[in-house]
Amino acid sequence: MTALSEGPDAGVGGREPLHADRIKHLEFIQATITRLGTNSFLVKGWALTLAAGLLALSASRLSWQLSVVGAVPLCCFWYLDCFFLRQERAFRRLYDDARRPDSTVEMLSMNVAPYLTRMPWPEVWVTPTLLLFYSPLLLADLTLLVIAL
């Protein structure tokens with residue numbers, strides 16, 4: 001007999017099936033990861049909209065003040081996006097630990113503090129996806145600042 005046909009409660013590949021509490025815990029973690037990803041996407045949308053508007057206004061008036069005003073929220077959005085990405089990575093690590101049968105993660109715990117300590121801010125700040133999105137916007141803003149001076 002194969003492991004799949006040994007009974008209704010047999011796990012795949014001879015592994016023990018996950019209990020309902022463990023599955024619910026994993027669903028909670030996955031919902032949080034999804035929400036953080038959605039928040040990151042929305043932050044990028046707002047950052048692009050605001051940066052494009054302020055860049056257009058700054059270019060049409062050649063105003064260094066508008067360039068400075070445009071750089072401040074862009075840096076704030078970059079930080080916020082970095083925060084969401086760091087949290088998402090921490091929850092992914094929590095998920096990885098919680099899914100194992102011999103897991104030491106407390107049932108239904110959403111504490112990611114141990115994972116955040118192993119993930120420094122600079123490591124997340126210079127992630128290629130964040131750099132490729134925010135640096136061109138910031139460089140365009142700084143270019144307009146130099147031109148306007």
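One-based numbering along the sequence shown.
- Here the CG atom belonging to Asp141 is positioned 5.0 Å from the OG atom belonging to Ser67, to the nearest 0.5 angstrom.
- Within the structure, the ring-ring contact (aromatic ring centres under 6.0 Å, His included) test picks out the following pairs touching residues 98-124 (sequence neighbours left out): Tyr79-Trp121.
- Side-chain atoms of Arg22 come within 3.5 Å of backbone atoms of Arg100 as a donor-acceptor pair (strictly under, hydrogens ignored).
- Note that CG of Leu26 is 10.0 Å distant from CG of Asp96, once rounded to the nearest 0.5 Å.
- Rounding to the nearest 0.5 Å places CG of Leu144 at 7.5 Å from CG of Leu62.
- Within the structure, the ring-ring contact (aromatic ring centres under 6.0 Å, His included) test picks out no pair touching residues 30-63 (sequence neighbours left out).
- Rounded to the nearest 0.5 Å, atoms NZ (Lys44) and CG (Leu130) are 5.5 Å apart.
- Within the 3.5 Å criterion, the main-chain N or O of Leu139 finds a donor-acceptor partner in the side chain of Thr143.
- Leu142 is connected to Val126 through a chain of hydrophobic side-chain contacts under 4.5 Å among Ile, Leu, Val, Met, Phe, Trp and Tyr, so both are in one cluster.
- Two residues are said to be in side-chain contact when any heavy atoms from C-beta on lie closer than 4.5 Å; Phe77 and Leu48 fail this criterion.
- In the hydrophobic cluster analysis, where Ile, Leu, Val, Met, Phe, Trp and Tyr join through side-chain heavy atoms closer than 4.5 angstrom, Tyr134 is grouped apart from Leu55.
- In this structure, Phe28 is a member of the same hydrophobic cluster as Met107, with clusters built from ILVMFWY side-chain heavy atoms closer than 4.5 Å.
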Can you give each donor-acceptor pair under 3.5 Å made by side-chain atoms of residues 82-94, sequence neighbours left out, with the distance rounded to 0.1 Å?
unit_1 : atom_1 : unit_2 : atom_2 : d
Arg86  : NE     : Met119 : O      : 2.9
Arg86  : NH2    : Leu116 : O      : 2.8
Arg86  : NH2    : Met119 : O      : 3.2
Glu88  : OE2    : Arg92  : NE     : 3.4
Glu88  : OE2    : Arg92  : NH2    : 2.9

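- The side chain to side chain contact (heavy atoms under 4.5 Å, CB included) test with Leu74 is passed by exactly one of Leu50, Leu138, Leu54: Leu138.
- Side-chain atoms of Trp78 and Trp125, non-hydrogen and from C-beta on, do get closer than 4.5 Å to each other.
- Under a hydrophobic-cluster definition in which Ile, Leu, Val, Met, Phe, Trp and Tyr are linked whenever side-chain heavy atoms come within less than 4.5 Å, directly or via other members, Leu36 and Met110 are assigned to the same cluster.
- Here Leu145 contributes atom CG and Gln65 contributes atom CD; the two are 9.5 Å apart, rounded to the nearest 0.5 Å.
- Under a hydrophobic-cluster definition in which Ile, Leu, Val, Met, Phe, Trp and Tyr are linked whenever side-chain heavy atoms come within less than 4.5 Å, directly or via other members, Leu137 and Leu131 are assigned to the same cluster.
- Contact between Pro73 and Val69 at its shortest, heavy atoms only, is CD-O, 2.6 Å.
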